[in-house]
There are 2 protein chains.
Amino acid sequence: MKLTSKGRYAVMALVDLARFNNINPVSLRDISLRQGISLDYLEQIFSKLRKKEIVQSVRGTQGGYVLNKKAKEIKLTNIFDAVDEKVKTVQCKKDSKKGCNGKATKCLTHNLWDELENHINNFFDEKSLEDLVKDNFERRV
Amino acid sequence: MKLTSKGRYAVMALVDLARFNNINPVSLRDISLRQGISLDYLEQIFSKLRKKEIVQSVRGTQGGYVLNKKAKEIKLTNIFDAVDEKVKTVQCKKDSKKGCNGKATKCLTHNLWDELENHINNFFDEKSLEDLVKDNFERRV
DNA sequence: AGATACTTGACTATTTTAGTCAGGTTTATA
DNA sequence: TATAAACCTGACTAAAATAGTCAAGTATCT
Ligand code: FES
Ligand code: FES
C-alpha cells in the first residue's frame, strides 16, 4: 500500500506553485530545479492538471503555469483525481454484485476495505492546497 | 495507492479461520476452496502468520491452523505487519534528516504524507479480527 | 503404511511504475 | 520577424514489484 510518485510530485509541484500565489506564472523549469523533479515528467503531470482545470498555462517567454482556482478550493482529492492517483482497496468491481473471487456474493472482507477507502478519502477531501502552503510557511518561521 | 492481494488474502483467510473460533483446526485446503485463494499462496502467507505467532499449526491428519490469540487481540496492524504489507506514503527514509529529493531538508510535502500515514495506521490499529467476524455475522442475519 | 496436511525455498510471468526521448507548436520580446 | 523560452503530445522502455506456481520435502494421526 503505497503512494505513487506521480501523485506525490503533483502535490509537491502545486505547493511550490501556490506559494507564488498567482503573481507571475511559474515555469516548469523552475519547479523542476527547485524540487528536483524531471522536467519531462512534470510536463506529463501538468498536462493532466490543466485538462482538469486545476492550473492554467501561459505560453511564450516568461510563461508558465498559474493556479486556476483559489488554493483553498483545491483539495487533495481534486489533484489525485487529475493525475489518476486513485485509492483502490477493494478488488472487485464496486458496482457489480459479484465478489472479488468471482462468487455471487461479496467476500468476507469487502466491507472492511470499503470502510478503509472512505477513511482515506476523507483525509483527501479535507486537505486543501492552502492548508499545505500554510503548514510549510509556519514550519519555516 | 492500492492494497496488495497478500494483505487482502491474509485478512480474508483469518476471518474465515476465526469463524470456527478454535473448535477444530482449519485446513488451508478448506480455506482455499471456500475463499478461492490458491493453496500454494496461502501456504506462503500462513508461514509468515505463524512466525509472528498469530496462528498455530497442527500437523497430521485433521490438522490445520488455529488462532494463537483471542480474535479481539488480533488487530489489522498485526496481520499486515506479519505479511509485510506496509503503508508507505513518504519517499524518504524516515529516520534520516535528508529529504526525498536528496536535499538537506525534508520536502514540501513530507509532513502531509506523514500525517496521512498516521491516519491510515489509526484505522488498522483499531480494527480487530473480532470486529470483522461480528460484522460479517450481522450482515448475514 | 499411508494419507493428510504442514513447510520451505526457488523460480517466473505479468503488470505497474517511473520515467526518458523525440518531435513538435505557441507566443513574448528584442 | 527571428529567436528562444516554454508549453504540448505520444510513444517507448528499463526496472521494480506483484502474484503467484512448482518442486521437494517433513511431521503426525489413524
Ligand atoms: S473486495 Fe469486494 S468482494 Fe472482495
Ligand atoms: S517525503 Fe520525506 S522528504 Fe519528501
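Hydrogens, waters and symmetry mates are skipped; everything else that's a heavy atom, side chains included, is used. By convention in this document, chain letters (A, B, ...) are assigned in the order of the sequence lines, proteins followed by strands, and residues within each chain are numbered from 1.
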### Task
Show your reasoning for whether salt bridge (charged side-chain N to carboxylate O under 4.0 Å, His left out) applies to A:K48 and A:D84.
CA-CA 9 Å; A:K48 293 184 180 211; A:D84 304 311; 2.9 Å; yes
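Remark: A:D16 engages A:R34, A:Q35 in a side chain to side chain donor-acceptor pair (under 3.5 Å) (not counting sequence neighbours). Partners of A:E85 by side chain to side chain donor-acceptor pair (under 3.5 Å), not counting sequence neighbours, listed by chain and number: A:T4.
B:D84 places its CG atom 13 Å from the P atom of D:dA19, with the value rounded to the nearest Å. Computed from coordinates, the A:N101 CG to D:dG20 P distance equals 12 Å when rounded to whole Å. Rounded to whole Å, the distance from OH on B:Y9 to C1' on D:dT21 is 13 Å. Rounded to whole angstrom, the span from the NZ atom of B:K2 across to the C1' atom of D:dA19 amounts to 11 Å. Rounding to whole angstrom units, CD of residue B:E85 and P of D:dA17 are separated by 14 Å. Distance B:K86 NZ to D:dT18 P: 10 Å, rounded to the nearest Å.
Counted by atom type alone, A:Q91 and B:R8 present one or more donor-acceptor pairs between their side chains at under 3.5 Å.
Between A:H119 and B:F123, the angle of the ring planes lies from 30° to 60°, which puts this pair in the tilted group. A:F46 and A:Y65 have tilted rings, their planes meeting at an angle from 30° to 60° on a 0 to 90° scale.
Note on residues 115-125 of chain A: pairs passing salt bridge (Lys or Arg N to Asp or Glu O under 4.0 Å), not counting sequence neighbours, are A:K94-A:E117, A:E115-B:K127.
Looking only at distances, no side-chain donor or acceptor of A:S32 sits under 3.5 Å from a matching main-chain atom of A:S38. Counting only distance, with no hydrogens or angles, the side chain of A:N101 and the backbone of B:G36 share no donor-acceptor pair below 3.5 Å.
Less than 4.0 Å separates DNA chain C from at least one heavy atom of each of the following residues of residues 37-49 of chain A: A:S38, A:D40, A:Y41, A:Q44.
Side-chain atoms of B:I74 and B:I54, non-hydrogen and from C-beta on, do get closer than 4.5 Å to each other.
OP1 or OP2 of D:dG20 lies within a sub-4.0 Å distance of a side-chain N or O belonging to B:S5.
In 5' to 3' order, the nucleotides of DNA chain C bounding all contacts with chain B (an atom under 4.0 Å from a heavy atom) are C:dA3 to C:dT16.
When each of A:R8 and B:K51 is assigned the nucleotide of DNA chain C with its nearest heavy atom, B:K51 is the one assigned upstream, toward the 5' end.
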Which atoms of nucleotides 27-29 of chain D (N or O only) lie under 3.5 Å from a protein N or O atom, and what are those distances?
residue : atom : partner : partner atom : Å
D:dA27  : O4'  : B:R59   : NE           : 3.4
D:dA27  : O4'  : B:R59   : NH1          : 3.4
D:dA27  : O4'  : B:R59   : NH2          : 3.3
D:dC29  : O2   : B:T61   : OG1          : 3.1

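The two atoms that bring A:I79 and A:A10 nearest to each other are CG2-CB, 3.9 Å, heavy atoms only.
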